Each structure stands twice: as structure tokens, then as C-alpha cells.
Amino acid sequence: MSSFGRAIASARKEKGMSQKELATKIIKEDGEAITPQYLNDIEHDRRNPSSDHLVGEFAKILKIDPLSLYGVIGMLPEQDRKLVRKSTPDQINQAFVAFRKKLKE
């Protein structure tokens, strides 16, 4: 996966779904579905999802591990952001060193 948009487009196509069909299944926090245009912007890397909730919706509907989606967006899930806020700079540095080491394996 090289970007969130490409990951979403690829998974959607694998499932044989149109953008319009997928858009109707991705429900925002307010209970409304995203628009096909918003999905098109995401798939063409013009936008990223605006919330943890939307990342979770894409992961659930497309059956993608949400952590891999967070990785290509370049952000941490909310639960990990909370941990970072409670950590020391040294703990955060050690975590990133371990993370980079694991990815290089």
C-alpha cells in the first residue's frame, strides 16, 4: 500500500464495488453517508479521511486492517495518540526505534 486512496480503490475494486456503492456504506459520525465525490477525492489522494471513525468505517466495510490504513495516512489511531500524550520523550523515541527496526526486517 503506497497511499490511503490507492489502498481504498484497490480493495473496492477487488470487491467489485462502484464508488457510489461504497460511498453509501461509509457512514459519518452524523449518520449520513459520505458522498461519491468525497470518496473520489480520497481515492485520488486529494483528501484523507477526516476522523478515526471514517478510517474504521473503511476498514470494516472493505475488510482491511485499520492499523495498516493509519500507517499509509501517517497518523496514529486515537488510542495510541492517548498513549503518546502520557509518555516521556524517551519512551516515544524508543517506540519509534523499535517500529523502524521491525519495518526494516
Side-chain angles (χ1 to χ4, degrees):
M1 277 188 272
S2 56
S3 75
F4 184 86
R6 280 178 245 159
I8 297 305
S10 176
R12 174 183 62 75
K13 290 172 186 174
E14 279 180 19
K15 302 216 177 311
M17 298 171 75
S18 68
Q19 283 185 335
K20 185 175 181 180
E21 183 181 0
L22 177 57
T24 64
K25 295 178 184 226
I26 304 297
I27 307 301
K28 299 181 290 186
E29 293 92 332
D30 66 5
E32 298 290 321
I34 65 170
T35 65
Q37 182 58 52
Y38 181 71
L39 177 58
N40 185 275
D41 286 349
I42 286 174
E43 287 191 1
H44 287 92
D45 295 321
R46 291 186 290 264
R47 298 177 82 167
N48 276 324
S50 58
S51 68
D52 288 285
H53 174 80
L54 286 178
V55 173
E57 285 287 295
F58 279 107
K60 178 177 69 176
I61 300 299
L62 295 172
K63 298 184 179 14
I64 301 172
D65 181 346
L67 292 178
S68 64
L69 293 178
Y70 280 106
V72 294
I73 295 171
M75 64 184 270
L76 297 171
E78 177 59 27
Q79 66 188 31
D80 294 328
R81 291 193 301 265
K82 287 178 183 177
L83 287 173
V84 167
R85 285 185 216 112
K86 295 177 183 177
S87 302
T88 66
D90 189 51
Q91 288 172 316
I92 295 166
N93 185 51
Q94 289 175 17
F96 276 107
V97 167
F99 171 76
R100 288 182 199 110
K101 182 179 177 183
K102 183 67 177 173
L103 290 181
K104 288 180 181 179
E105 290 177 358

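Keep in mind that what you see is a predicted model, and the values were worked out from it rather than measured. Atoms considered below: every heavy atom in the structure, side chains included; atoms not considered: hydrogens, waters and symmetry mates.
Both V72 and Y38 sit in one connected hydrophobic cluster of ILVMFWY residues. Membership requires side-chain heavy atoms under 4.5 Å apart, directly or through other members. Note on F96 and V84: same hydrophobic cluster, where clusters join Ile, Leu, Val, Met, Phe, Trp and Tyr whose side-chain heavy atoms are under 4.5 Å apart, directly or indirectly.
Rounding to the nearest 0.5 Å places CG of N40 at 7.0 Å from CD of E43. Here CG of L54 is found 10.0 Å from CZ of R47. Values are rounded to the nearest 0.5 Å. The distance from the NZ atom of K86 to the CD atom of Q91 is 12.0 Å, given to the nearest 0.5 Å. For the atom pair CG of L39 and CD1 of I34, the computed distance is 5.0 Å after rounding to the nearest 0.5 Å. Once rounded to the nearest 0.5 Å, the distance linking CD of Q19 with OG1 of T35 reads 10.0 Å.
By the 6.0 Å contact criterion, NZ on K15 is enclosed, its count of non-hydrogen atoms from other residues, nucleotides or ligands being greater than 12.
Partners of Q94 by side-chain contact (heavy atoms from CB on, under 4.5 Å), not counting sequence neighbours, listed by chain and number: D90. When the salt bridge (charged side-chain N to carboxylate O under 4.0 Å, His left out) test is applied to K60, the partners found at least two apart in sequence or on another chain are E57.
Contact check for I64 versus F58: no side-chain heavy atoms found under the 4.5 Å cut-off. A 4.5 Å side-chain heavy-atom check between L69 and I8 finds at least one atom pair inside the cut-off. Annotation: side chain of R12 is not in contact with side chain of I61 (no heavy-atom distance under 4.5 Å).
Of all heavy-atom pairs between V55 and P66, the closest is CG1-O, 4.3 Å. Of all the heavy atoms in I92 and S87, the pair that sits closest is CG1-CB, 3.8 Å. The shortest heavy-atom contact between A23 and A33 is O-CB, 3.4 Å.
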Taking distance alone, no hydrogens or angles, what donor-acceptor pairs closer than 3.5 Å link side-chain atoms of residues 73-80 to residues at least two apart or in another chain?
residue	atom	partner	partner atom	Å
E78	OE1	R81	NE	3.2
E78	OE1	R81	NH2	2.7

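Checked by atom type and distance alone, the side chain of S10 never pairs as donor or acceptor with a backbone atom of R6 at under 3.5 Å.
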